[in-house]
Amino acid sequence: MPELPEVEVVRRGLERWASGRTVAAAEVLHPRAVRRHTAGPADFAARLAGRRIGPARRRGKYLWLPFGEDGFSVLAHLGMSGQLLIQPPGTPDEKHLRIRIVFEDAEGGELRFVDQRTFGGLSLHPGEDDAEGLPDVIAHIAPDPLDPAFDEAAFHAALRRRRTTVKRALLDQSLISGVGNIYADEALWRSRLHYERPTATLTRKQTAELVSHVRDVMNAALAAGGTSFDSLYVNVNGESGYFERSLDAYGREDEPCRRCGTPMRRRAWMNRSSFYCPRCQRAPRPVPATR
DNA sequence: ATTCACACCTGGCTGC
DNA sequence: TGCAGCCAGGTGTGAA
């Protein structure tokens, strides 16, 4: 599933293969792929035509491409299965091709949004006067841990204030962005924290270690995902790529913990799975009843 | 205000 | 062999 490292690989691909080019025409093949564009598919296509694409930006799992002239951006989210591909001229349509963007320099290939499950999509938004140029619809998305703007003290304060558990907090994009189920489990394993640990009990040091592990695992994944990147592909197949072999927690039910050898466990949790080591990541003690 | 459950979607896999 | 049902899970929405 595309989480921050996968999305960043796509961003770099867009920067390399789409930025600076001018859109000739856009074609929406599935209306659901532009459902967040409230003015509809025809408006989406019409307003994209003739625009010159600026530098590719990212916050958390969102990507956007600004059009310098009039302050609009095309915002993208890959959802569960979305791909942004630059395909050479003549490439047959993918089964789940949803949006095609043709450039004036057609020989350089076209940009395609391909998405099996259609959880992802593209939309157009006015740019903000915000210095970051952040589209207003993602103003609620917190900086991600690789962003210099990420504020660890504010994150810790928010954790202490919240009445929630640590994995829920990691997946809450308004507290910290870019983390999904896979990297949440990896960071918790590295931090020896149980997913149901109440955030209000975390010490400053534990928060610092957790953030540090989130950064480390993302950087390691980014390094692995970046290797296959120097092709005409904007890349990314929605999988963790080479990094999948390096996972310590996610998907390792019944396999030995790489630290202590105890069989890893899987628990159904919030309509998904949590993988953890029952020895390294002890369940929190129940909070004693107060009277 | 905060927290939480749920809908959305389809291909691959499991089990009968 | 065929088919029903489950599973993957990020996000927006609306309810509690």
Side-chain angles (χ1 to χ4, degrees), chain A residues 1-8 10-11 28-38 58-64 75-84 93-99 113-123 125 134-142 144-145 154-155 157-188 195-201 214 218 221 236-241 243-244 247 249-254 265-276 287:
Chain A
M1 314 304 152
E3 300 182 30
L4 186 150
E6 293 76 24
V7 178
E8 174 59 16
V10 174
R11 191 201 65 77
V28 177
L29 291 94
H30 194 310
R32 189 173 150 78
V34 293
R35 68 192 179 286
R36 290 192 75 181
H37 187 79
T38 48
R58 180 187 59 73
R59 174 173 280 201
K61 304 170 198 171
Y62 282 92
L63 288 164
W64 70 98
L75 179 70
H77 196 290
L78 302 178
M80 299 286 300
S81 53
Q83 298 169 271
L84 282 166
D93 288 1
E94 293 79 3
K95 181 176 178 190
H96 301 294
L97 176 62
R98 308 305 191 193
I99 298 170
F113 179 68
V114 178
D115 190 6
Q116 179 213 119
R117 279 179 258 187
T118 66
F119 276 32
L122 271 52
S123 50
H125 302 278
L134 200 69
D136 52 1
V137 290
I138 58 165
H140 63 291
I141 303 292
D144 60 65
F155 179 56
L159 292 181
R160 297 286 304 192
R161 197 165 49 232
R162 288 283 182 123
R163 298 267 250 277
T164 189
T165 52
V166 65
K167 186 166 172 181
R168 281 191 135 93
L170 284 175
L171 297 179
D172 184 338
Q173 305 295 302
S174 70
L175 297 178
I176 181 172
S177 69
V179 183
N181 199 42
I182 296 172
Y183 295 118
D185 279 3
E186 293 301 305
L188 290 171
Y195 58 96
E196 285 193 314
R197 173 70 178 267
T199 58
T201 67
V214 171
M218 284 182 167
V236 164
N237 44 20
E239 305 293 327
S240 298
F243 191 70
E244 200 173 330
L247 295 177
Y250 185 83
R252 298 197 65 243
E253 183 179 18
D254 296 332
R265 286 191 187 157
R266 177 167 78 100
R267 284 286 175 276
W269 179 87
M270 270 177 74
N271 278 333
R272 58 195 70 183
S273 293
S274 271
F275 298 89
Y276 68 105
V287 178

Carboxylate-amine/guanidinium contact [X] [Y], below 4.0 Å:
X: Asp254(A); Y: Arg266(A); answer: no
X: Arg58(A); Y: Asp144(A); answer: yes
X: Glu253(A); Y: Arg265(A); answer: no

For [X] and [N], what is the distance between atoms [atom1] and [atom2] respectively, to the nearest whole Å?
X: Leu175(A); N: dT2(B); atom1: CG; atom2: C1'; value: 11 Å
X: Ile138(A); N: dG12(C); atom1: CD1; atom2: P; value: 10 Å
X: Asn181(A); N: dA8(C); atom1: CG; atom2: C1'; value: 9 Å
X: Lys61(A); N: dT11(C); atom1: NZ; atom2: P; value: 4 Å
X: Leu63(A); N: dG10(C); atom1: CG; atom2: P; value: 16 Å
X: Ile176(A); N: dT11(C); atom1: CD1; atom2: P; value: 13 Å
X: Arg117(A); N: dG10(C); atom1: CZ; atom2: C1'; value: 11 Å
X: Tyr183(A); N: dG10(C); atom1: OH; atom2: C1'; value: 15 Å

Supply the atom-to-atom distance [X] [atom1] to [Y] [atom2], rounded to the nearest 0.5 angstrom.
X: Leu171(A); Y: Arg272(A); atom1: CG; atom2: CZ; answer: 5.5 Å
X: Leu75(A); Y: His125(A); atom1: CG; atom2: NE2; answer: 4.5 Å
X: Leu247(A); Y: Phe275(A); atom1: CG; atom2: CZ; answer: 10.0 Å

Can you check nucleotides 4-7 of chain B for protein contacts, nitrogen or oxygen pairs under 3.5 Å, and list what you find?
unit_1: dA5(B); atom_1: OP2; unit_2: Arg168(A); atom_2: NH2; d: 3.1

Inset, instruction - Would you classify His140(A) as touching base, sugar-phosphate or nothing, given that sugar-phosphate means primed atoms plus P, OP1 and OP2, and contacts are heavy atoms under 4.0 Å? - result: sugar-phosphate
Inset, instruction - Using a 4.0 Å heavy-atom cut-off across all strands, classify Arg266(A) as base, sugar-phosphate, or nothing. - result: sugar-phosphate
Can you tell me if the side-chain N/O atoms of [X] get under 4.0 Å from OP1 or OP2 in [N]?
X: Lys95(A); N: dG11(B); result: yes
X: Arg36(A); N: dG12(C); result: yes
X: His96(A); N: dG11(B); result: yes
X: His77(A); N: dT11(C); result: yes
X: Arg32(A); N: dC9(B); result: yes
X: Tyr62(A); N: dG12(C); result: yes
X: Arg272(A); N: dG10(C); result: yes
X: Gln173(A); N: dG10(C); result: no

Legend entry - First encountered from the 5' end of DNA chain C, between Ile141(A) and Phe275(A):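 Nearest nucleotide further toward 5': that of Phe275(A).
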Legend entry - Residue whose nearest DNA chain C nucleotide is more 5′ - Val179(A) or Ser273(A): Ser273(A)
Legend entry - Modelled atom types, side-chain donor and acceptor of Lys167(A) and Ser274(A), under 3.5 Å: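 There is such a pair (donor and acceptor under 3.5 Å, judged by atom type) between the side chains of Lys167(A) and Ser274(A).
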Inset, instruction - Would you check if Leu4(A) and Val7(A) make a side-chain contact, meaning some heavy-atom pair closer than 4.5 Å? - result: no
